[in-house]
Amino acid sequence: MQINSDLHVHSKYSMATSKSMQSDIMAKESEKKGLDLIATGDALHSKWLGELEDNLTQIDDTGIYQLKDETSNTKFITTTEVEDNQRIHHLILIPSIETAWQMRDEFIVKNMDADGRPKIRMRGTEIMDIARDYNCIIGPAHIFTPWTGIYKSYDRISDCYDNRMADFVELGLSSDTYLADRIDELKNYTFLTNSDSHSPWPHRMGREFNTMEIKNLSFEDVRTSIKDNDIIKNYGFDPRMGKYHETGCIDCYKIFNIHDAQKLNMKCDVCGGVIKKGVKGRIEELATSDVPIHPEDRPEYRYILPLAELLSSIHNKGVMTKYVQSRYERLIELFKTEIDILLNVELDKIEHVDMLLANALKSYRNNTLNVTPGRGGLYGKVVYD
Ligand SMILES: [Zn+2]
Ligand SMILES: [Zn+2]
C-alpha cells in the first residue's frame, strides 16, 4: 500500500513550539492534511513519553500507534531528533515507546528533559552506536541547514559516523532532489522529506512529506521501505523560496556565484555590503557535477506549498485570518484532504470554488512555477501569471 508520511515533528516540549502540539490535535489536523503516518517527535522526553502512553495505543505489535479514542485515522511512529556535541541534528526512528524509555539512559546529557530535542554530549557516531543497538533507524536531519545540518561540518556524510552509512538523509526545507543529486555520495541514500513542524496546523504539519510504498503499516516495514528506497515521491518546498538560497548581498540583494563572491572576499561589488553564502553556495562547494545525476531509484521530487499559505499569497490575506481559514475549511469540506486538493482534485472542480487557486495549483502541478529566488535574508517569491 501507499502511505503519506511525515517522519519529523516536535512536541510542545521542544523550544519554540505550539502549546497545541499534543497527540490528539496532531492526529486530527494531520488527517485533514491527508497524512497516514506522523512522527511523535521528542520521544526521549519523559513527560512527552508519559503523555503518549496515556493517549496512544500500539496496534498489535507493529510499533505503530493510534489515538486510544480512535478519533483520527492518522497513526504515529516513535521518533526523536537529537543534537550532537558539534550541534549537528540527527533524526532517529525508534521501534516502540518502550524502547524509547530504555534508550534514554544510554545518552550522555546534562538534562534529558530540558528540551524535547535534547543536546547530547556525544559524537554523531556514538549516537549512531546507541541507535543501532536498539534497532532504530537513524540519519542526519535537514542536511544542508547552515547551523545544524551535517554538511556544515563534514564534506561526507559517512565521515560523521566513522565511515558507516546512515539509513537515510533528510533533505530539509532548503533543498530538493535536483540540488542534492549534484553530490555523488548522495546517490546511495534514500531521501526523506519531512516537515520538522513545531505546530499542528496543516500549513505546518506535512509541509514536506513522503509518499512511500509499504507492505503493512509497521515499524519493520517502514524500515524496509526506507532501506529499499520504496519512496514513491518526495514532496516539499521549492528551495528557491528560502531566504538564504542563493549567495547574495544582505543590503542590495545582488546574487553572486559562490566562487565569485569568495574572490570578492564576500563583499558586494555594487554597494559594499556583506555577501552571505547561500545554501546553494554550499551545495556548489560539495557538488561533483553541474547538473543533477539521479540514481535509477530516485523518486520524483514535487514542489508543494501548504494550501493555507497558497490561499494567503493569492488573496493577499494572512494565513491565520478568518478569510483564509474559512476558505480552507470550505475546500476541505468539499474535497476531504489538503493533499488531495494540492495534487489530485480536478482543476475544473476547484475553479468553481476558487479560480485563482486553480491557476496557482496548475503551476505547481505542471512544475512551471516562476520564482524569484531568496538571497541575503530576503525570502524567495512566487510570481503567478
Ligand atoms: Zn533539527
Ligand atoms: Zn550589495
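One-based numbering, in listed order, for ligands and for the atoms of each.
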- Distance-only side-chain donor-acceptor flag, N234 / T193, under 3.5 Å: yes
- Message: Tell me whether the Zn ion (ligand 1) has E83 as a neighbour, meaning an N, O or S atom of it below 2.8 Å.
- Response: no
- Looking only at atom types and distance, does a side-chain atom of S175 sit under 3.5 Å from a main-chain N or O of L171, one as donor and one as acceptor? yes
- Message: Quick check: of its N, O or S atoms, which one does E81 have closest to the Zn ion (ligand 1)?
- Response: OE2
- Task: Could you check which N/O/S atom of H89 is closest to the Zn ion (ligand 1)?
- Result: ND1
- Item | Contact flag H142/the Zn ion (ligand 1), N/O/S atoms, threshold under 2.8 Å | yes
- Message: I'd like to know if the side chain of D69 pairs up with that of T71 as donor and acceptor (distance under 3.5 Å, no hydrogens or angles considered).
- Response: yes
- Message: Taking T17's backbone N and O only, do any of them form a donor-acceptor pair with S14's side chain (distance below 3.5 Å, no angle check)?
- Response: no
